[in-house]
Amino acid sequence: MSKDVIMPQMGESVAEGTILKWLVEEGQRVEKDQPLVEISTDKVDTEVPSPVAGILTNIIHHVDETVPVGTVIAVIEDIQGVLLTPKTDISEIIKVKPEEKNETIEEKQVYEKRYSPLVRRLAREYGIDLEKIKGTGLGGRVTKEDVLEYIETTRKISVSISREVREAEVPEKAIEVEKPAEELIPLSPKRKIIAERMAESKRTAPHVTTTFEIDMTKVARYRDANKDAIMKTHGVHLTYLPFIISAAALALKEYPVINSSWSDGGIILKRYINIGIAVSVDDGLIVPVIKDAERKGIIELGRESQDLAKRAKEKRLKVDEVQGGTFTITNYGITGSLIGTPIILLPQVAILGIGAITKRTVVIDDAIAIRHMAYFSLSFDHRVIDGAQADQFLLKIKTILEGWEAKVEKMSVTQTGFGGVW
Amino acid sequence: MRKCQLLKPGLVEYGEAWGIQKQLFNARSQNEIIDTLIILQHPPAYTFGRRTINRQLLSNKTTMLHVNTKDNENPPSPPFIKGGKGGFSDANNLHGILFYDVDRGGGATYHGPGQIVVYPVLCLKTYTEDYHGYLRMLEEVMIRTLSEFMISGKRLKGLTGVWVDGEKIASIGVRIIRGFTMHGFSLNVNNDLRPFDYIVPCNIENVRITSMSKVMGKALNLSGIEDALIRHFATVFDMALETRLIAVA
C-alpha cells in the first residue's frame with residue numbers, strides 16, 4: 001500500500017511551502033516519523049516527518065519548488081508491501097524442512113556407511129555429522145557435492161530460523177538443525193531506550209555513589225501504630241516508601257543543587273520537585289513521576305506511588321506521568337539488595353537507592369540494640385555535585401527519618417490527613 | 001498559567017549559543033524541561049538562513065567578493081562548539097567577522113554586541129497552531145516594546161520583521177520541528193549597523209537597516225529594553241516568565 005506525503009497545513013494563514021531539501025533519496029527506506037524533507041514558509045523552517053515506515057518510491061516536487069498546502073509531494077510504499085519480496089525466499093526454504101525430516105529418518109535404516117577422505121575432511125572442517133546427509137552417489141554414498149549442498153542449506157535455514165524465530169509454527173523437531181548455543185533476542189523498543197539512556201548516563205556523567213546507614217525504627221513504629229487506621233480511613237496501605245519520598249522532597253528543597261540539571265551553559269536549578277519512582281515491569285523499567293512531591297503528605301504520596309506503580313505494571317501510564325522528573329528514587333530493597341550503585345537518569349543529577357530494611361544489632365550509647373536499619377545510597381553527577389553536598393543531603397534525609405517522632409508530634413490528625421508540612 | 005523559564009547568559013559566541021539552543025531544543029522536545037526563553041547578545045557574526053538567495057558578501061558595495069560556502073554547508077556537529085575560533089578558514093572569517101550557515105528560516109543577517117537576540121524554545125501548539133501566527137506574535141512583542149520607548153514599529157505586509165519609517169529595525173528567523181521552536185528574533189539597539197552593508201539582509205535588496213539608538217539619536221540602556229521585551233513576551237504569549245539561576249561552570 002502506498003501513502004502520500006503532503007505539504008502540511010502549517011496554520012490558517014499559511015497557504016504554501018517551499019521545499020528546501022530532501023533528507024531521504026528515492027528508493028531509500030524510512031522509518032515512521034523520520035524527518036523526510038525540510039520545508040520553509042516565510043521566515044519559518046520546518047521538517048515533514050514520514051507518515052509511515054516504508055520506502056520513498058517517488059519524489060514529486062523537488063528542491064526550490066513552492067507548492068500549495070495539501071499538495072502531494074512524495075509517495076511512500078508501505079513497509080508490508082515492500083517486505084513481501086524477500087519473504088517468499090524464506091518461505092521456500094522453510095518448505096524444504098519437512099522433507100529433510102523424512103530424509104533423516106530414512107537414514108537411520110541405512111546400514112553403516114563409508115566415506116571418502118575428502119568428504120571426511122570437509123565434515124571435520126565444518127563440524128558436520130555425516131550421518132545426517134543423504135548420499136546421492138553410487139549405492140547412496142555421500143559425495144563432496146552432497147556435503148557442500150548440506151552446508152549451504154543448513155546455513156540458509158539457520159538464517160531463516162533466527163529471522164522467523166517468533167512466528168515459526170513448525171514444531172521444533174521439524175527443524176533438523178541443532179539448537180544454537182546462543183540465542184538472539186530481538187531488542188524491544190523499550191530495551192533499546194533503556195540501553196541508550198543507561199550508557200549515555202554513564203558516558204557523560206561522572207558517577208559517584210555515597211552510602212549512609214539509616215535507622216528506620218521510628219518510622220517503623222509510626223507506621224505500625226498508624227497503618228491500620230490509615231487503611232481504614234483512607235484505603236491506603238502504608239509502606240516505608242512515602243516516608244522516604246517525603247524526606248527526600250524536603251531535603252531537595254533545602255539542597256536545590258541536587259534537584260538540578262547540567263547544561264553546557266550552566267547548572268539549571270529547578271524550583272519544582274518531581275520525584276520519579278523506578279518501577280520494575282516485565283520488559284524493563286519505567287519511572288513514573290510524582291509531581292510537586294514536597295507539597296504532598298505521606299498518605300497522598302502513598303496513594304499516588306501505589307497507583308502509579310500499579311498502572312505501570314498494567315502499562316496504563318499516561319505520557320505526562322513518566323516525564324518531568326527532577327530526582328529519582330529506586331527501591332531495590334524490595335528484591336533483597338542491601339546496597340546498590342544506581343545509574344542517574346539524565347538530565348537529572350542524582351538518584352537515591354534504598355536497600356532492604358532489616359533488623360540489625362547496632363550500638364547505641366554503648367549498649368547493643370536491635371533496630372530497623374537500611375543503607376541509603378546516593379549516586380550523583382560529580383560535574384554538578386561535590387561529595388560534601390551529597391553527604392549533607394543524605395544526612396538531611398537521615399535526620400528527618402530518624403527523628404520521625406519529633407515530626408509526628410507537630411502534626412495534628414485531621415479528617416483529610418495530617419496537617420502541617422506533611 | 002503556562003510557565004516559561006528565562007535564561008540570560010550574556011554575551012555568547014554564536015556557535016556556542018547555537019549548541020546550547022540545540023540542547024535546550026532537544027530537552028524541550030523530550031519534555032525534560034519547560035518552555036525556555038533565551039535572551040542574549042552575540043559577538044560579531046554573519047548568519048545565513050537556509051533560504052539565503054544571495055550568499056555573496058558585498059565589499060564596499062562595488063567589488064563583489066565571492067564566498068565559497070560549500071565547505072560550510074554541513075557544519076560540524078555540535079557546531080563549532082569545541083574548537084572555538086581556531087577551526088575556521090579564511091573564507092569563514094570576513095572582515096574579521098565569523099559567519100555561519102544556519103538551520104533557520106529567512107536570509108542573511110548580522111549579529112553583534114548591542115543587539116538583543118531572543119531565542120524562544122517553546123512547545124508552540126500551546127500558544128498557536130499557526131506558524132505565521134507565531135511570527136506575528138514575535139512582531140507584536142517587539143512593536144509593544146518599541147512603543148514603550150516612543151518608537152512606532154510597524155509591520156509591512158509580506159516583509160516579516162519590524163519596520164520604523166521604512167527601515168528595518170528587527171529580524172525574525174525560526175525553525176519549528178514537531179511543533180517545537182528554536183532560533184527567534186534580533187532587535188537592533190546600540191549595535192554597529194555598518195556590517196549590514198556587506199550582505200543582503202533578509203534577501204531584500206537595498207533594504208535600509210536601523211536601530212533604536214539611531215532612531216532616538218542616543219545610546220540606550222540595554223537591560224531596560226531587555227526587561228521590556230521579557231514583559232511583553234510574557235503578555236503576548238500569556239505565560240509566567242521566571243528567571244532561572246544560572247551558575248556558569
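Treat the numbers as computed from the prediction; the structure is a model and nothing was measured. Numbers restart at 1 for each chain; the letters A, B, ... are given by sequence-line order, proteins then strands. Worth knowing before you read on, the calculation uses all heavy atoms, side chains too, and leaves out hydrogens, waters and symmetry mates.
- Counting only heavy atoms from C-beta outward, the side chains of A:Val44 and B:Leu135 approach each other to under 4.5 Å.
- Within the 4.5 Å cutoff, the side chain of B:Arg178 has heavy atoms near those of the A:Pro35 side chain.
- Nearest heavy-atom pair, B:Cys202 versus A:Lys43, reported as atom, atom and distance to 0.1 Å: CB-NZ, 3.4 Å.
- Remark: side-chain polar atoms of A:Ser40 are not paired, donor with acceptor, to backbone N or O of B:Gly105 under 3.5 angstrom.
- Residues A:Ser261 and B:Glu32 fail the side-chain proximity criterion, which asks for heavy atoms closer than 4.5 Å.
- Within a 6.0 Å radius of CZ in A:Arg197, other residues, nucleotides and ligands contribute 12 heavy atoms or fewer.
- In this structure, OH on B:Tyr131 lies 11.5 Å from CG on A:Asp45, to the nearest 0.5 angstrom.
- Within a 6.0 Å radius of CZ in B:Arg208, other residues, nucleotides and ligands contribute 12 heavy atoms or fewer.
- With a 4.5 Å cut-off on side-chain heavy atoms, A:Gln323 and B:Gln30 do not count as touching.
- In this structure the side chain of A:Glu38 reaches within 4.5 angstrom of the side chain of B:Arg175, judged on heavy atoms.
- No side-chain heavy atom of B:Asp130 sits less than 4.5 Å from a side-chain heavy atom of A:Met10.
- Using a 4.5 Å cut-off between heavy atoms, A:Thr18 touches chain B through its side chain atoms alone.
- Of the atoms belonging to B:Gln5, it is side-chain heavy atoms, and not backbone ones, that fall under 4.5 Å from chain A.
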